[in-house]
Amino acid sequence: AVKQLMYAFLGTFTGFLIKVGDIPWVVRWICYFNPSKYVFAALIVNEFSGREVECDVEDNPDCKQGDDYVTEYDANSDTTRLGDFLMVVAMCGISFLMCLQGVLRFF
């Protein structure tokens with residue numbers, strides 16, 4: 001039960017259900033400690049960055065291009081890039097420790 005509550009809590013602060021800019025400033029700091037936020041931002045940049053969409057602005061005034069979504073979801077900000085860097089460093093450290101544990105198990 002605790003795992004489901006944790007997933008629901010962290011899922012709320014990824015930027016998928018509620019955009020980070022729409023979350024009240026009192027609890028917005030939780031987003032920046034949530035690893036899922038950086039995964040979601042990487043997906044947004046990967047899928048929408050540089051994508052051109054053919055649409056008629058007269059028929060659809062809300063037509064957006066790919067980079068508009070990247071900006072709207074704050075997926076390419078300085079904070080996100082710093083979080084991505086820290087996430088990569090953490091994953092490298094964890095991978096190193098797991099390999100070290102695997103090697104030391106045989107000694």
Side-chain angles (χ1 to χ4, degrees):
V2 174
K3 184 170 43 171
Q4 287 85 2
L5 288 174
M6 185 182 75
Y7 285 148
F9 180 74
L10 291 177
T12 304
F13 293 100
T14 59
F16 179 70
L17 298 173
I18 304 171
K19 293 177 192 162
V20 174
D22 294 339
I23 295 175
W25 65 272
V26 177
V27 292
R28 191 176 300 160
W29 60 271
I30 297 171
C31 297
Y32 300 108
F33 289 102
N34 185 359
S36 301
K37 177 205 181 292
Y38 300 105
V39 172
F40 179 67
L43 287 172
I44 291 290
V45 170
N46 184 43
E47 290 298 321
F48 293 109
S49 183
R51 181 166 289 200
E52 298 294 326
V53 179
E54 293 182 22
C55 60
D56 189 11
V57 179
E58 294 174 3
D59 294 337
N60 187 6
D62 295 329
C63 180
K64 297 180 182 178
Q65 299 298 320
D67 291 330
D68 296 333
Y69 286 106
V70 172
T71 304
E72 183 178 342
Y73 283 95
D74 193 32
N76 206 11
S77 67
D78 291 336
T79 309
T80 303
R81 286 193 292 262
L82 175 64
D84 290 342
F85 172 74
L86 293 175
M87 187 76 86
V88 168
V89 169
M91 293 307 290
C92 288
I94 290 169
S95 298
F96 173 75
L97 290 175
M98 289 175 65
C99 290
L100 186 63
Q101 180 184 8
V103 168
L104 291 178
R105 181 178 290 175
F106 295 109
F107 292 106

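Sequential numbering from 1 along the given sequence is applied to the chain's residues.
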Worksheet entry | Residue M6 excluded, over 12 heavy atoms near CE under 6.0 Å | yes
Worksheet item: Atom OH in Y38, atom SG in C31: separation rounded to 0.5 Å?
Response: 8.5 Å
Worksheet item: Given side chains that start at C-beta, do those of L43 and F48 come closer than 4.5 Å, heavy atoms only?
Response: no
Discussion item. Testing the basics here: between T12 and L17, what is the closest heavy-atom pair and its distance to 0.1 Å?
Written reply: CA-CD1, 4.3 Å
Discussion item. According to a hydrophobic-cluster definition based on side-chain heavy atoms being under 4.5 Å apart (Ile, Leu, Val, Met, Phe, Trp, Tyr only), do V45 and F16 belong together?
Written reply: yes
Worksheet, complete the sentence: d(F13 CZ, W29 CH2) to nearest 0.5 Å is 8.5 Å
Worksheet item: Are the side chain of D67 and the backbone N or O of S49 linked by a donor-acceptor pair below 3.5 Å?
Response: no
Discussion item. Applying salt bridge (Lys or Arg N to Asp or Glu O under 4.0 Å) as the test, list every pair that has at least one member in residues 12-32; sequence neighbours left out.
Written reply: K19-E72
Worksheet item: Do the non-hydrogen side-chain atoms of F9 and I30 ever get within less than 4.5 Å of each other?
Response: yes
Practice prompt. Starting at CD1 of I23, measure out to CD1 of I18 and round the result to the nearest 0.5 Å.
Written response: 5.5 Å
Worksheet entry | Contacts of V26 that satisfy side chain to side chain contact (heavy atoms under 4.5 Å, CB included) - sequence neighbours left out | none
Fill in: Side-chain donor/acceptor of T14 to backbone N/O of G11, under 3.5 Å
yes
Practice prompt. Using a 4.5 Å cut-off on heavy atoms from C-beta on, say whether the side chain of L100 contacts that of F96.
Written response: yes
